[in-house]
Amino acid sequence: FKSKTVGIRTFEASMILKDFGADNSMSDDLLKDEFEEYEVVSKLVATKKTPHYGVSLCRGEEDDIFEVSTLAKAANQCMQLKGNNAVFVIGRTGDNEIRVSARSDGSINVQTLVEKFGGGGHFSAAAALFKDTTIENVEKIVLDTLNDYISGARAQVRGEK
């Protein structure tokens, strides 16, 4: 309920779940992360750089392979840090796959940024998949895209062109 995307449908769903006997303490326990995953997420967040004001970039090592959900969790975790308006997390998810998970607080349209390098998603959550490349190359693509389009992604939020 702390998320800015919570709306009436969230509250309606919670009422229905409560009617069916949902238990908040049990769901909290089921949704807890394993320590090993927490450690991996923390390791990713610790690589945080700030290439533009309010924009962070985190990346895994070239030989580390992550679950897709771990990249998303790292992006969500990084968004909890003060000063972040948008976050891009880069990590290898398979032998020939590198993914980017992007999040925003709503002041930057990450969807339009991620679309520039072949991904998609929504205004405040987006992702992209790259095949047969390196983490370093994907990082360069993300940084080049930010350099070229970050002002426009901020202006979209303000209703400017």
Side-chain angles (χ1 to χ4, degrees), residues 1-7 9-14 16-17 20 22-52 54-143 145-146 153:
F1 292 107
K2 290 191 247 178
S3 171
K4 290 181 181 183
T5 59
V6 170
R9 297 177 91 195
T10 305
F11 290 102
E12 289 172 348
S14 67
I16 291 168
L17 290 169
F20 280 94
D23 179 356
N24 282 344
S25 61
M26 185 185 293
S27 66
D28 285 345
D29 194 45
L30 290 170
L31 294 172
K32 287 181 180 176
D33 289 333
E34 297 291 332
F35 176 75
E36 292 78 12
E37 184 172 32
Y38 170 79
E39 194 173 34
V40 171
V41 167
S42 296
K43 182 180 170 186
L44 275 168
V45 172
T47 68
K48 178 182 165 310
K49 318 188 235 195
T50 307
H52 291 274
V55 179
S56 294
L57 180 115
C58 304
R59 60 169 271 186
E61 294 296 323
E62 202 64 56
D63 55 347
D64 289 340
I65 296 182
F66 301 95
E67 295 288 328
V68 175
S69 62
T70 302
L71 298 178
K73 286 178 182 182
N76 291 336
Q77 182 69 36
C78 203
M79 281 303 301
Q80 298 301 310
L81 302 173
K82 285 185 179 181
N84 283 329
N85 301 118
V87 175
F88 296 82
V89 178
I90 304 167
R92 184 172 297 285
T93 56
D95 289 335
N96 298 315
E97 285 186 356
I98 295 173
R99 294 181 189 256
V100 177
S101 184
R103 297 292 183 275
S104 167
D105 65 0
S107 64
I108 295 174
N109 186 341
V110 291
Q111 176 186 2
T112 58
L113 292 168
V114 171
E115 284 176 351
K116 300 292 184 194
F117 47 84
H122 300 284
F123 193 89
S124 59
L129 168 67
F130 294 85
K131 295 216 179 238
D132 301 317
T133 190
T134 64
I135 298 276
E136 188 174 314
N137 188 46
V138 172
E139 181 178 14
K140 182 181 179 339
I141 291 167
V142 171
L143 290 172
T145 301
L146 288 170

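Being a predicted model, the structure only gives us computed values, none of them experimental.
Residues I65 and D95 have side chains in contact (heavy-atom distance under 4.5 Å, counting atoms from C-beta outward). In this structure the side chain of L81 reaches within 4.5 angstrom of the side chain of V45, judged on heavy atoms. The shortest side-chain heavy-atom distance between R59 and V142 does not fall under the 4.5 Å cut-off.
The 12-atom threshold is not exceeded at NZ of K43, counting heavy atoms of other residues, nucleotides or ligands nearer than 6.0 Å.
Here the CG atom belonging to L44 is positioned 11.5 Å from the CD atom belonging to E39, to the nearest 0.5 angstrom. Atom NE2 of residue H52 and atom CG of residue L146 lie 5.0 Å apart, to the nearest 0.5 angstrom. To the nearest 0.5 angstrom, R99 atom CZ is 4.5 Å from T93 atom OG1. For the atom pair OG1 (T47) and CD (E61), the distance works out to 8.0 Å, reported to the nearest 0.5 Å. Summarising the geometry, atom NE2 belonging to H122 is positioned 11.5 Å from atom CG belonging to N109; distances are rounded to the nearest 0.5 Å. One distance of note links CZ of R103 with OG of S124; it measures 8.0 Å at 0.5 Å rounding.
Listed here is the closest heavy atom pair of T145 and I141: OG1-O, 2.8 Å. The nearest pair of heavy atoms linking F130 to A128 is CE1-CB, 4.1 Å. The two residues G91 and F66 make their nearest non-hydrogen contact at CA-CD1, 4.0 Å. Shown here for C78 and K48, the closest heavy-atom pair between the two residues is SG-CD, 3.8 Å. Across V114 and A127, no two heavy atoms sit closer than the pair CG1-O, 3.2 Å.
Of the N and O atoms on the side chains of T70 and E37, at least one donor lies less than 3.5 Å from an acceptor on the other residue.
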Could you walk me through whether V138 and F117 pass side-chain contact (heavy atoms from CB on, under 4.5 Å), step by step?
CA-CA 9 Å; V138 172; F117 47 84; over 6 Å; no

Test log, rule side-chain contact (heavy atoms from CB on, under 4.5 Å), inputs N84 and T50
CA-CA 9 Å; N84 283 329; T50 307; 5.5 Å; no

Between L113 and I108, is a side-chain contact (heavy atoms from CB on, under 4.5 Å) present by the stated rule, with each step listed?
CA-CA 9 Å; L113 292 168; I108 295 174; 3.9 Å; yes

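Between R92 and E97 there is no salt bridge, since no side-chain N of the basic residue sits under 4.0 Å from a carboxylate O of the acidic one.
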